[in-house]
Structures are given as structure tokens and as C-alpha cells.
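A short write-up of the structure that comes next.
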Amino acid sequence: MDTNEKIVTGPPQLPPQEHPQYSQPQVYPQPQVEYQAPRAQPPMGTQAGGPTAYGQQGGKFQAGLCDCGPCSSCLLGWCLPCILVGQTSERIRDPSMQNADLMNSDCLIHGAINCFTGCGWIYAMLKRGEIRERYQIEGSGCNDCCVSFWCSCCAVIQQDNEVKIRQKNAQPIAEGYQPQPGMQIPEQK
């Protein structure tokens with residue numbers, strides 16, 4: 001073996017500049033994007049200077065957790081809470097309760113969850129959160145969870161009483177769909 005011969009044991013090694021595909025990636029500056037917080041919008045159904053379709057807004061729960069009245073609500077909350085959950089949902093949709101259907105989807109979902117898993121309190125907790133958001137009531141999801149878990153019947157009674165109190169001065173949404181000006185059919189000539 002000559003002293004001038006080299007033993008090659010792998011692929012030939014070339015300097016990085018000879019392999020453009022293996023060169024270092026270029027770093028491009030990131031565009032600067034400014035975040036603008038979304039503007040607070042009034043709740044749906046708000047009328048300028050008048051009551052909303054949802055009744056009174058803000059504050060704390062006006063109905064007490066241990067106020068188990070009237071007797072019909074107390075019995076429903078203890079024996080058939082699914083019906084009371086459905087009734088409360090209908091009361092939110094129609095404060096007059098003229099077209100109320102107590103065996104609605106909320107009633108059936110709560111009843112099915114409670115019957116098959118025993119965890120109806122989770123659905124009641126979700127509905128409680130919706131009521132808090134709709135009426136802008138102070139509180140937290142953790143508080144909703146604790147109240148709904150530890151005293152589910154009291155929670156659904158309180159929710160129904162709260163909606164009754166808040167809906168006293170509510171105005172149902174009377175106007176139907178209003179077409180936008182750009183959605184009219186042009187006249188045929």
C-alpha cells in the first residue's frame with residue numbers, strides 16, 4: 001500500500017457550500033401583527049334605551065340557593081329535576097310560557113344522562129353556566145360545579161326561580177326575520 005493512498009470508509013465528505021440543499025436555512029423576519037381586542041357587543045335582543053329580551057342583567061343570583069319555593073318547583077327539583085330543567089329552558093325562550101313544552105330536548109337530555117349515568121348534575125351545571133352568561137350573573141364555573149354536584153335539586157330550583165325573577169319585565173322577541181336592503185329581488189322590466 002502506498003503512503004499516498006487514503007483509505008475511504010464512507011461517502012465522500014464535501015464542504016457545506018458545495019451542497020446548496022444542505023446549507024443553513026435562512027431566517028426571514030416575522031411580520032408584526034397588532035392584536036385588537038374584540039369590541040363588547042350588547043346581548044342579542046337589546047333595544048336602545050329599553051329592556052332586553054332576556055330581562056334584568058348583571059349582579060348576583062337574586063334567588064337564594066335554599067329558597068325551595070314554590071312547592072311545585074321543590075317537588076319537581078327533588079323528584080323529577082329533568083322536567084324542571086326543561087321548564088327553565090322553556091321559560092328562557094318564552095317568558096309567558098304560553099307555548100311551553102316541558103318534555104323538550106333539555107328535559108330529555110338531562111333525564112337520559114341522569115338515568116343512565118347518574119351524572120345529570122353535569123348537564124344542570126352547564127345550563128347554570130348558560131343562565132349566568134345570559135343574564136351576566138357573577139360567579140364562576142367552579143362555583144357552578146360545586147353547587148350542581150353537592151346540591152343538584154337546590155341548584156335547579158334556584159335556576160328556575162332566578163329565570164322567573166329576571167324574566168318579570170322581559171319582552172319577548174316580537175319581530176321576525178328582517179331582510180337586509182341588499183337582499184331584495186330586482187324588479188323585472
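Just so you know, these numbers come straight off a predicted model, no measurement behind them.
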Considering residues at least two apart in sequence or located in another chain, which fulfil the side-chain contact (heavy atoms from CB on, under 4.5 Å) criterion with Cys145? Trp121, Met125
Flag side-chain contact, heavy atom, 4.5 Å: Gln158 against Asp67: no
Please report the closest heavy-atom contact between Asn161 and Gly69, naming both atoms and the distance. ND2-O, 3.0 Å
Which heavy atom of Ser73 sits nearest a heavy atom of Lys164, and at what distance? OG-NZ, 3.5 Å
Assess whether a salt bridge exists between Glu162 and Arg166, defined as any Lys/Arg side-chain N lying under 4.0 Å from an Asp/Glu carboxylate O. yes
Validation row: Ile131, Thr88 side chains within 4.5 angstrom (heavy atoms): yes
Straight-line distance of Gln159 CD to Ile92 CD1, nearest 0.5 Å: 8.5 Å
Do Tyr135 and Val163 have side chains that get closer than 4.5 Å, going by heavy atoms? yes
Check: Asn104 and Glu90 side chains under 4.5 Å, non-hydrogen atoms: yes
Should Leu65 and Val147 count as side-chain neighbours, where that means a heavy-atom distance under 4.5 Å? yes
Leu84 side, atom CG; Ser89 side, atom OG - distance, nearest 0.5 Å: 9.5 Å
With a 4.5 Å cut-off on side-chain heavy atoms, are Arg93 and Asp106 touching? yes
